[in-house]
Amino acid sequence: MRAIQVKEFGGPEVLGVAEVPEPVPGPGQVVVGMAVADVIFLDTLLRGGWGQDFFPRTLPYVPGGGGAGEVLRTGDGVDPAWIGRRVVVRTETGYAEQVVAGEGEIMPVPGGLAAGTAAALVHDGVTALSLARLGAPAGGEWVLVSAAAGGAGSLLVQLAVDAGTRVVAAASSEAKLELARELGAEVVVDYTRADWVERVREATGGGVALAYDGAGGPLGLAAFDAVADGGRFVTYGTAEGFTDPDKDVAKRRGVRVLAPLMDGPPDEATVRELLGRVLELAEEGRLKPVIRATYPLERAADAHRALAERATVGKSLLVVDAERAR
């Protein structure tokens, strides 16, 4: 079968198509024929060798973390009734025609959802709902979402609007700002402008009650400055490095800083509950992942380049099998 392999850490050019053996399910496992593979920014960092202490990868490896497809084979101890069922899969690989996963790592796709919609929620949907619960946006509050046109950011905008808050969306281009408006943001700001934090504070009457930092680094610190005294700051971005606001300043201003990435990945039970809920919200029409960039499997490098250059609006996916993706 075809798969994308990383044979050495480096730039997008190290992503190459390889012929590898089809996986064989062990006890408690299934093999999923992939329709659509999820692509997230973390994939680009791991490809470059980042995060080996947290996300160890042994070369060569097949990148990705899951997606959506159809169960092809089951191992011992797994009900063969899974065979032929449409599922989402969240595991440690994904850019391949077939992946092996534990039975606990798959979940049925609700009947009304397309494979691409389901795949787009495997990571960003789980992340967004987890962050929404952590930040606990309340009706009438001003909420800032930075990187608001990304996979997780665009979902956070929708969840905040659904909670009855007033959303300020920060992004880096007119196309991304227009998307945020379409999703319900009341105020949009271009964070490439030097005065963007001042514009947020002016529009909200002194700052937001809650900010979601999806960028990290200097942009994250700027987003922290946009939070009103007594507010909450949830940081999950790593594109510019982790955001680490001054603890004394945060204490003096009464701003609660929440950095869930520092707690490590959630356990499998938590992931399953979150993923099940976002799939329900999508089926109900209350959550719609914005999929604006799809690539065939062999163009994984192009998907990574676009993410690194912040050229992608919305979600990126790899279409592995066009028939299954329908």
Side-chain angles (χ1 to χ4, degrees), residues 23-40 42-43 55 62-133 151-152 154-156 158-159 260 264-291 315-321 323-326:
V24 176
Q29 294 182 325
V30 302
V31 170
V32 177
M34 297 295 285
V36 183
D38 188 21
V39 181
I40 59 176
L42 177 62
D43 296 345
F55 307 97
V62 176
E70 176 185 321
V71 176
L72 301 180
R73 298 182 291 281
T74 58
D76 290 343
V78 179
D79 188 345
W82 276 110
I83 295 174
R85 296 188 69 180
R86 300 169 64 239
V87 296
V88 289
V89 54
R90 177 172 164 135
T91 186
E92 294 186 354
T93 185
Y95 296 11
E97 290 181 323
Q98 298 179 24
V99 302
V100 66
E103 186 177 11
E105 296 176 318
I106 63 172
M107 182 175 292
V109 175
L113 288 187
T117 299
L121 295 169
V122 165
H123 289 93
D124 287 334
V126 169
T127 296
L129 184 56
S130 176
L131 294 171
R133 290 177 176 178
S154 58
L155 295 173
L156 276 170
Q158 294 176 62
L159 290 168
D267 59 48
E268 186 175 285
T270 300
V271 168
R272 288 187 66 81
E273 189 274 326
L274 290 166
L275 181 54
R277 183 56 184 148
V278 293
L279 290 171
E280 289 175 357
L281 290 172
E283 190 176 28
E284 294 167 6
R286 294 171 59 189
L287 198 61
K288 299 178 181 179
V290 179
I291 303 167
K315 182 68 185 165
S316 298
L317 297 172
L318 296 180
V319 177
V320 182
D321 186 317
E323 284 296 319
R324 289 196 182 106
R326 290 175 182 169

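Positions are given from 1 along the sequence. Nothing here was measured: the structure is a model prediction, and the numbers come from that model.
- A pairwise comparison of heavy atoms in P260 and L131 identifies CG-CD2, 3.7 Å as the closest pair.
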All N/O donor-acceptor pairs, side-chain side in residues 122-129, below 3.5 Å, sequence neighbours left out:
from	atom 1	to	atom 2	distance (Å)
H123	ND1	D38	OD2	2.8
H123	NE2	G65	O	3.4
D124	OD2	K315	NZ	2.7
T127	OG1	H123	O	3.0

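- Partners of E92 by side-chain contact (heavy atoms from CB on, under 4.5 Å), not counting sequence neighbours: none found.
- Remark: of the listed residues V89, V319, T93, V89 is the sole one forming a side chain to side chain contact (heavy atoms under 4.5 Å, CB included) with M34.
- Distance CD1/I40 to OG/S316: 11.0 Å, rounded to 0.5 Å.
- Atoms CZ and CG, from R133 and L159 in turn, are 10.0 Å apart once rounded to the nearest 0.5 Å.
- Note on residues 83-104: pairs passing ring-ring contact (aromatic ring centres under 6.0 Å, His included), not counting sequence neighbours, are Y95-H304.
- Here the straight-line distance linking atom CG of L287 with atom CG of L156 works out to 9.5 Å at 0.5 Å rounding.
- Residue pairs satisfying the salt bridge (charged side-chain N to carboxylate O under 4.0 Å, His left out) criterion with at least one member in residues 108-120, sequence neighbours excluded, are absent.
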Would you give me the side-chain donor-acceptor pairs under 3.5 Å for residues 104-121, sequence neighbours excluded?
from	atom 1	to	atom 2	distance (Å)
E105	OE1	T91	OG1	3.3
E105	OE1	G102	N	2.8

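- Looking at residues two or more places apart in sequence or on another chain, you find a side-chain contact (heavy atoms from CB on, under 4.5 Å) between E323 and D321, R326.
- Considering all non-hydrogen atoms of both residues, L155 and G151 come closest at CG-O, 3.4 Å.
- Within the structure, every pair that satisfies the salt bridge (charged side-chain N to carboxylate O under 4.0 Å, His left out) test and touches residues 93-102, not counting sequence neighbours, is listed here: R2-E97.
- The side-chain contact (heavy atoms from CB on, under 4.5 Å) test applied to A96 returns M1, A3, V62, V99, not counting sequence neighbours.
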Tabulate below the donor-acceptor pairs under 3.5 Å that side-chain atoms of residues 73-82 make, not counting sequence neighbours, or state none.
from	atom 1	to	atom 2	distance (Å)
R73	NH2	P23	O	3.0
R73	NH2	Q98	OE1	2.6
D79	OD1	A81	N	2.9
W82	NE1	E103	OE2	2.9

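- One finds the CZ atom of R286 at 11.5 Å from the CD atom of Q158 (value rounded to the nearest 0.5 Å).
- In terms of the salt bridge (charged side-chain N to carboxylate O under 4.0 Å, His left out) criterion, residue partners of E280 (sequence neighbours excluded) are, by chain and number, R277.
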